[in-house]
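Data block below; observations after.
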Amino acid sequence: MSFILNYKTFFIFGTVILILVLFFLAGWFLNSYRKIDLSVNNIKIEAEIADTFQKKARGLSGRKSIAEGEGMLFIYENSGFYSFWMLGMNFALDIIWIDENYKIIDIDKNVSPDSFPKTFRSENPAKYILEVPAGFSDKNNVKLGDYINGF
């Protein structure tokens, strides 16, 4: 009889552990970001892709920093006027607004976390928004009319 109880206990314990592991892996997979290699003016950017509501809402908030050559690309289904703010941010950004033809149509430079609750948006409809470390645009001579490559 004790063998049966031990077997049942082992089975239940193993099932609970398996379910917890699956939930952890599913959460990690659903919250992990795919990456894309982009470039502008022959400068490479490894960008994490924010293409779901949850990923867009979280963005880069809560992180301590991102390295040079890294960024986050927000992808929208349609061109429009999308507002961004610096809620929960710990470092400044350049926000690069990109149209459906991958042309830079606006840049907000050195946007500080202290700017919250102010919102930022492009003057013209954008389909993609690229966040990179503050100063990236000036350092790499990124300007309106340049194209982002790698899509």
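Note that the structure is predicted; figures quoted are calculated from it, not measured.
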- [ ] Could you walk me through whether I105 and L144 pass the side chain to side chain contact (heavy atoms under 4.5 Å, CB included) test, one step at a time?
- [x] CA-CA 5 Å; I105 57 171; L144 300 182; 5.7 Å; no
Task: Atom CZ of R63 with >12 non-hydrogen neighbours under 6.0 angstrom - done: yes
Open item on the list: Count I, L, V, M, F, W, Y as connected when their side-chain heavy atoms are under 4.5 Å apart, and connections chain through other members. Are L130 and F151 then in the same cluster?
Closed with: yes
Task: Spacing of OG belonging to S65 relative to CG belonging to N90, to within rounding of 0.5 Å - done: 9.0 Å
Task: Trace of the side chain to side chain contact (heavy atoms under 4.5 Å, CB included) decision for S115 with F120 - done: CA-CA 10 Å; S115 65; F120 300 85; 3.5 Å; yes
Open item on the list: Could you measure the distance from the CZ atom of R58 to the CG atom of L60? Nearest 0.5 Å is fine.
Closed with: 10.0 Å
- [ ] State, with a plain yes or no, whether a side-chain heavy atom of P133 is found less than 4.5 Å away from one of E68.
- [x] yes
Task: From CD1 (I148) to CD1 (I96), nearest 0.5 Å - done: 5.5 Å
Open item on the list: Tell me if the aromatic rings of Y102 and Y128 count as close, with their centers under 6.0 Å from one another.
Closed with: yes
Open item on the list: Please find the pair of heavy atoms, one from T119 and one from S83, that lie closest to each other, and give the distance.
Closed with: CB-CB, 4.2 Å
TODO: Flag the pair R121 and D108 as a salt bridge only when some basic side-chain nitrogen lies within less than 4.0 angstrom of an acidic carboxylate oxygen.
DONE: no
Open item on the list: Quick test of your reading of the model: are K44 and D37 salt-bridged, counting only N-O distances below 4.0 Å?
Closed with: no
Open item on the list: Please report the interatomic distance NZ(K127) to OG(S122), rounded to the nearest 0.5 Å.
Closed with: 14.0 Å
Open item on the list: To the nearest 0.5 Å, what is the distance between CG on L93 and CE on M86?
Closed with: 4.0 Å
Task: For the student: nearest non-hydrogen atoms of G135 and N110, plus distance - done: N-OD1, 3.3 Å
- [ ] Please determine which of K35, R34, K56 meets the salt bridge (Lys or Arg N to Asp or Glu O under 4.0 Å) test together with D51.
- [x] R34
Task: Short side-chain to backbone donor-acceptor contact, D99 and N101, under 3.5 Å - done: yes
TODO: Working to the nearest 0.5 Å, report the span between CE of M72 and CD of E48.
DONE: 4.5 Å
Open item on the list: If you compare all heavy atoms of G150 against all heavy atoms of L38, which two are closest, and at what distance to 0.1 Å?
Closed with: C-CD2, 4.0 Å
Task: Within 45° cone and under 6.0 Å: K55 NZ/CZ vs Y33 ring - done: yes
- [ ] Taking all heavy atoms of I107 and all of S137, pick out the closest pair and write down the distance.
- [x] CG2-OG, 3.6 Å
TODO: Go through the structure and list residues passing salt bridge (charged side-chain N to carboxylate O under 4.0 Å, His left out) with E70, not counting sequence neighbours.
DONE: none
TODO: Answer with yes or no after comparing the ring centroid distance for Y76 and Y82 against a 6.0 Å cut-off, counting only values under it.
DONE: yes
Open item on the list: Using the rule side chain to side chain contact (heavy atoms under 4.5 Å, CB included), only one of I49, I98, I129, T52 pairs with I75; which is it?
Closed with: I49
- [ ] I would like to know whether F84 and W97 meet ring pair (Phe, Tyr, Trp, His ring centres under 6.0 Å); could you show each step before the answer?
- [x] CA-CA 11 Å; F84 280 63; W97 308 87; 5.5 Å; yes
Task: Test item: side-chain donor near acceptor, D146 and N41, under 3.5 Å - done: yes
Task: Nearest atoms (heavy-atom pairs only) where K109 meets D138 - done: NZ-OD1, 2.7 Å
Open item on the list: Do I95 and F74 make a side-chain contact, defined as non-hydrogen atoms from C-beta onward lying under 4.5 Å apart?
Closed with: no
Open item on the list: Looking at every heavy atom in both D94 and A134, which two are closest together, and how far apart are they?
Closed with: OD1-CA, 3.6 Å
Task: Within 6.0 angstrom of K143 NZ, more than 12 heavy atoms from elsewhere - done: yes
Task: Heavy-atom check, side chain of V40 versus side chain of N149, under 4.5 Å - done: no
- [ ] Examine M89 and I66 and state if one hydrophobic cluster contains both, with Ile, Leu, Val, Met, Phe, Trp and Tyr joined whenever side-chain heavy atoms are less than 4.5 Å apart.
- [x] yes
